[in-house]
Amino acid sequence: MFDGLLMLGGGLAHFLTPVSLFNIAWATLLGIIIGALPGLTATMGVALLVTLTYKMAPDQAILCLMCLYCGAIYGGSRTAILLSIPGTPASAATTLDGHPLALSGKAGTAMGLATTSSALGTIVGIIALALIAPLLAEAALKFGTYEFFWLALFGVIISGQLTAIDDPLKGYIAGILGLLVAMVGMETLHAHQRFTFGISALGGGVDLIPAMVGAFGFAEILGVMKRSAQARIISSGDRVIPRFSEVFKYKWTTFRSGLIGTFVGIVPGVGEDVGAWASYAAAKRVSKEKHMFGKGSQEGLIAAETGNSAVIPGAMIPTLTLALPGSAAAAVLIAAMFIHGIRPGPLLMTENPEFLYQIVAILFFSTIAMLIFGLTLTKPLLTVLQVPRERLMAVVYVLCVVGSFAITQRMFDVYVMVGFGIVGFILREMKYPMAPLVLGIILGDLLDLNLRRGLLLTNGDPSPFFTRPISAVICIIIILTILMSIPAVSKRVRSIFTRDRGDASAQG
């Protein structure tokens with residue numbers, strides 16, 4: 001514990017330099033702007049910025065990426081409140097009560113509450129990150145080849161399950177597509193080329209950054225240009241800084257939503273939008289003001305914004321300790337860490353323990369910057385929303401092309417970006433989620449390597465994958481997850497539990 005406090009203090013002191021503070025300020029502000037602009041997502045912003053931080057020092061590069069990530073998730077609340085258009089998917093739940101508050105003349109109050117709630121939610125998640133991550137990293141040291149295979153598969157399955165709630169099968173298909181893409185290129189055990197179809201450029205596999213920039217950036221450009229123009233912007237003429245009584249009144253909602261968001265973030269590949277909806281649903285279930293939800297409830301707004309912001313530090317727990325991204329943006333961060341020579345995973349606390357506490361310090365500083373910018377620059381930031389989207393998407397397209405080309409200076413990567421953008425756009429139109437696809441690309445190498453390594457160690461005997469205790473537990477969880485996604489099975493299980501509760505009530 002004492003060593004942890006020392007490293008946390010060291011992490012805070014490490015970024016108390018003029019250069020670091022400047023990077024915190026501009027990256028957080030850029031994130032807020034990206035989040036506020038409909039059509040630009042946190043994941044796309046982080047993916048584009050990775051290409052621009054390639055030659056920065058590792059700590060400063062991760063600092064900029066994390067600050068942009070936090071700012072973008074918060075920034076989506078601007079358009080959610082003013083336009084009823086979520087700037088990012090994480091702010092979809094915010095529109096339910098934020099926009100009705102704006103229509104009633106309380107746009108400033110709504111944005112002030114969203115700002116303080118986002119800050120408080122991040123603080124709850126930061127505390128959980130500092131406490132849970134070292135323990136999880138220690139437990140992860142017990143994982144071997146067989147456990148990592150199941151863990152990678154679990155990440156893809158649970159991501160597909162929770163990002164495609166209406167039809168989990170589409171989430172599974174997207175994840176499997178990502179795994180198939182990860183199989184392209186030279187495999188690591190015997191250096192044998194697979195699925196290259198005679199194309200020499202595919203020998204090194206499909207690079208993650210161009211694929212990600214295409215799936216999230218270029219696909220979003222196509223989607224935004226297809227949609228109709230955004231609605232009229234509502235100005236905020238009332239008070240922005242909320243009263244203490246307004247925040248304190250819903251302290252338990254804030255605490256509960258922060259915990260829910262944090263634990264949603266721990267589940268690999270789920271994301272901030274699920275954290276917001278789960279927190280909103282829990283708040284509505286126990287609220288004494290249920291009738292106000294969806295009509296301008298301050299409690300509903302606070303729950304949604306607290307939940308989505310708490311996911312960010314929660315998502316960093318599996319990202320840092322297991323190298324399993326807790327969200328789509330965290331997946332990009334894993335790629336950035338590897339690019340800058342940082343290896344997340346079970347050995348992180350052994351090889352680079354101070355990095356975990358540097359992440360805690362980064363989240364703390366970005367939260368302070370977000371709070372300052374959110375409460376003082378609300379009205380100036382509204383002018384950003386008036387940028388014509390045609391000009392905005394042209395700039396984003398240039399960044400997509402330059403970013404894809406910059407890392408390896410290959411035109412092939414630009415073609416990969418465009419190809420994944422077109423495929424991503426088609427899949428989105430068919431309601432397939434993108435997070436499992438990207439997660440499949442990231443976890444494909446981990447799954448493939450550990451599967452073949454495990455079979456090599458046992459001369460082809462697959463039994464250790466099912467007989468080792470941790471492997472067996474993860475395998476059972478995966479099977480139950482898939483079964484519960486089948487409507488007939490889940491309906492049957494619910495009916496059994498409902499009947500049992502009814503019988504117990506009758507006997508009582």
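None of the values given here were measured: they were computed from a predicted structure.
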Hey, does [Y] have a side-chain heavy atom less than 4.5 Å from the side chain of [X]?
{"X": "I441", "Y": "F420", "value": "yes"}
{"X": "M186", "Y": "H192", "value": "no"}
{"X": "T122", "Y": "I126", "value": "yes"}
{"X": "F197", "Y": "F195", "value": "yes"}
{"X": "L457", "Y": "Y146", "value": "yes"}
{"X": "T262", "Y": "V311", "value": "no"}
{"X": "V418", "Y": "Y415", "value": "no"}
{"X": "P134", "Y": "L356", "value": "yes"}

Out of curiosity, [X] [atom1] to [Y] [atom2], how far, rounded to the nearest 0.5 Å?
{"X": "L65", "Y": "C70", "atom1": "CG", "atom2": "SG", "answer": "11.0 Å"}
{"X": "F148", "Y": "S471", "atom1": "CZ", "atom2": "OG", "answer": "10.5 Å"}
{"X": "I362", "Y": "T367", "atom1": "CD1", "atom2": "OG1", "answer": "11.5 Å"}
{"X": "S77", "Y": "L301", "atom1": "OG", "atom2": "CG", "answer": "8.0 Å"}
{"X": "I317", "Y": "L322", "atom1": "CD1", "atom2": "CG", "answer": "10.0 Å"}
{"X": "D97", "Y": "I302", "atom1": "CG", "atom2": "CD1", "answer": "10.5 Å"}

Taking salt bridge (Lys or Arg N to Asp or Glu O under 4.0 Å) as the test, write out the residues that go with [X], two or more places apart.
{"X": "R343", "result": "E351"}
{"X": "R468", "result": "E147"}
{"X": "E429", "result": "K226"}

- Item | Donor-acceptor pair between Y74 and N308 side chains, under 3.5 angstrom |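 Side chains of Y74 and N308: no pair found under 3.5 Å.
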Taking all atoms of both residues into account, what is the closest heavy-atom pair of [X] and [Y], and its distance?
{"X": "I62", "Y": "F355", "result": "CG2-CZ, 4.1 Å"}
{"X": "I482", "Y": "I157", "result": "CG1-CG2, 4.1 Å"}
{"X": "G440", "Y": "V156", "result": "CA-CG2, 4.1 Å"}
{"X": "A80", "Y": "S91", "result": "CB-O, 3.6 Å"}
{"X": "F465", "Y": "G454", "result": "CZ-CA, 4.0 Å"}
{"X": "A211", "Y": "V416", "result": "N-CG1, 4.1 Å"}

- Query: With D461, which residues qualify under side-chain hydrogen bond (donor to acceptor under 3.5 Å, both in side chains), at least two apart?
  - Reply: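 Scan of D461 (side-chain hydrogen bond (donor to acceptor under 3.5 Å, both in side chains), adjacent residues dropped) gives S463.
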- Message: Restricting to side-chain hydrogen bond (donor to acceptor under 3.5 Å, both in side chains), what partner residues turn up for R452, sequence neighbours left out?
- Response: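 If we apply the side-chain hydrogen bond (donor to acceptor under 3.5 Å, both in side chains) test to R452, skipping adjacent residues, the hits are E187, D448.
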- Task: Test L63 against Q358 for side chain to side chain contact (heavy atoms under 4.5 Å, CB included), laying out the working first.
- Result: CA-CA 9 Å; L63 172 70; Q358 287 181 3; over 6 Å; no
Heavy-atom donor-acceptor pair, [X] side chain to [Y] backbone, under 3.5 Å:
{"X": "T196", "Y": "Q193", "value": "no"}
{"X": "R428", "Y": "A215", "value": "yes"}
{"X": "T306", "Y": "A303", "value": "no"}
{"X": "K170", "Y": "M430", "value": "yes"}

- Is the count of non-hydrogen atoms from other residues, nucleotides or ligands lying under 6.0 Å from F293 atom CZ greater than 12?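 Counting other residues, nucleotides and ligands, CZ of F293 exceeds 12 neighbours.
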- Query: For Y397, does the OH atom have more than 12 heavy-atom neighbours from other residues, nucleotides or ligands under 6.0 Å away?
  - Reply: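 No, because the 6.0 Å sphere around OH of Y397 holds 12 heavy atoms or fewer from other groups.
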- Message: Per the salt bridge (Lys or Arg N to Asp or Glu O under 4.0 Å) rule, what does the pair list look like for residues 470-487, sequence neighbours excluded?
- Response: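 Every candidate salt bridge (Lys or Arg N to Asp or Glu O under 4.0 Å) pair involving residues 470-487 fails, so no pair, neighbours aside, qualifies.
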- Task: Under the side chain to side chain contact (heavy atoms under 4.5 Å, CB included) rule, what do S118 and M370 come out as? Steps first, then yes or no, please.
- Result: CA-CA 9 Å; S118 294; M370 179 182 70; 3.9 Å; yes
- Checking side chain to side chain contact (heavy atoms under 4.5 Å, CB included) for the pair M56/C64: CA distance, chi angles, key distance, verdict? CA-CA 10 Å; M56 294 179 68; C64 294; 3.7 Å; yes
- Message: side chain to side chain contact (heavy atoms under 4.5 Å, CB included) for W277 and L96? Distances and angles first, verdict last.
- Response: CA-CA 11 Å; W277 285 113; L96 298 182; 3.5 Å; yes
